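The structure displayed is predicted, hence computed values, not measured ones. So you know, we letter chains A, B, ... as the sequences are listed, proteins then strands, and number each from 1.
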Amino acid sequence: MTDATEVAAAASSRDPSVGLAAVASLRGLLESLEELQVTNARSQGWSWQQIAEALRVSRQAVHKKYRRFGF
Amino acid sequence: MFERFTDKARRVVVHAQESARERGADSLRTEHLLVSLFAVPDNLAVTVLAAHNVTRADIEADVDRMRGGPAPSDADALATLGIDLDEVRRQVEEAFGPGALDRTRAAQSRDGRRTGWIRFDPSSKKALGLALREAIRLEHHYIGTEHLLLGLIHEGAGGAFHVLDGRGVHLGPSRILVEELVRGKRAG
């Protein structure tokens, strides 16, 4: 069995502890990636409105979350 | 709360914090305290358990079975979804420089959660309170590992209680044993 099919087998597991841990780790990864991309966009002069549109969220939501970063 | 704890009892609590953290637990539960009784050499709680023929291996096996072992790493968890975290990290670092992914505030606050103080869940709080009550009942002016054990049994609902109950360790006989052991120590 290849690694890829082992992974697919694990992913189809109905064990909640496996599935929930994967969701938690994915959420963490998402937060880090979003932060990197928003930081990069701001440093390239993007407005909050432009960033919000690209992320498909409201301008208020993205501004509220990242304004404490000071950019 | 911890002023009256003996040095050994204090070390049990510190170890329970570490073990809860290593297991990725969001709160410190009674079973973390129970396992940690064995982390401090030569204490009366372990003597009481040994008198019941209960070993460290027994308790650790019971607790592992209860919680399904330690939490998986992020890399392992994401692999179950077909996501290769190393590859994601490589791509991100190509664009944003070495360590970019792990340097984000989001990543660091997650790590912070794993190094900070882990709160006691209601059962373990109750067990610590009952450890004090057990000490007072025996007219002991300190809280030792033996009182922690009695507190864990007396608590009556947490993971530690169920493991101990399953191994035949009950409150009445354990109290008597503790009383005898402490008296014996004082006598000699």
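- In this structure, chain B has heavy atoms under 4.5 Å from both the backbone and the side chain of A:R68.
- Here the closest heavy-atom approach between residue A:S25 and residue B:D74 is recorded as OG-OD1, 2.6 Å.
- Heavy atoms closer than 4.5 Å to chain A are found nowhere in B:R89, neither backbone nor side chain.
- Scanning residues 168-177 of chain B against chain A with a 4.5 Å heavy-atom cutoff picks out nothing at all.
- Only the side chain of A:E35 has a heavy atom closer than 4.5 Å to any heavy atom of chain B.
- To the nearest 0.5 Å, atom CD of residue B:Q91 and atom CG of residue A:L33 are 11.0 Å apart.
- Heavy-atom proximity under 4.5 angstrom to chain B picks out A:N40 from residues 40-54 of chain A.
- Under the 4.5 Å side-chain heavy-atom criterion for Ile, Leu, Val, Met, Phe, Trp and Tyr, B:L130 and B:V182 are members of distinct hydrophobic clusters.
- Side-chain contact check for A:Q37 versus B:F96: some heavy-atom pair is nearer than 4.5 Å.
- When the side chains of ILVMFWY residues are joined at heavy-atom separations under 4.5 Å, either directly or via intervening members, A:V38 and A:L30 end up in two distinct hydrophobic clusters.
- When every heavy atom of B:L78 is checked against every heavy atom of A:A22, the shortest pair comes out as CD2-O, 4.2 Å.
- With a 6.0 Å radius and a threshold of 12 heavy atoms from other residues, nucleotides or ligands, B:R133 has its CZ atom at or below the threshold.
- For the pair B:L101/A:L29, a side-chain contact is recorded, criterion being any heavy-atom separation below 4.5 Å from C-beta on.
- The hydrophobic cluster containing B:F161 does not contain B:I59, counting ILVMFWY residues as joined when their side-chain heavy atoms lie under 4.5 angstrom apart, directly or transitively.
- Cluster membership check: B:I136 shares its hydrophobic cluster with B:L148, using side-chain heavy-atom separations under 4.5 Å among Ile, Leu, Val, Met, Phe, Trp and Tyr.
- Residue B:F38 is grouped with residue B:M66 when hydrophobic side chains (ILVMFWY) are merged at heavy-atom distances under 4.5 angstrom, including chains of intermediate members.
- For NZ of A:K64, the number of neighbouring non-hydrogen atoms (other residues, nucleotides, ligands) closer than 6.0 Å is 12 at most.
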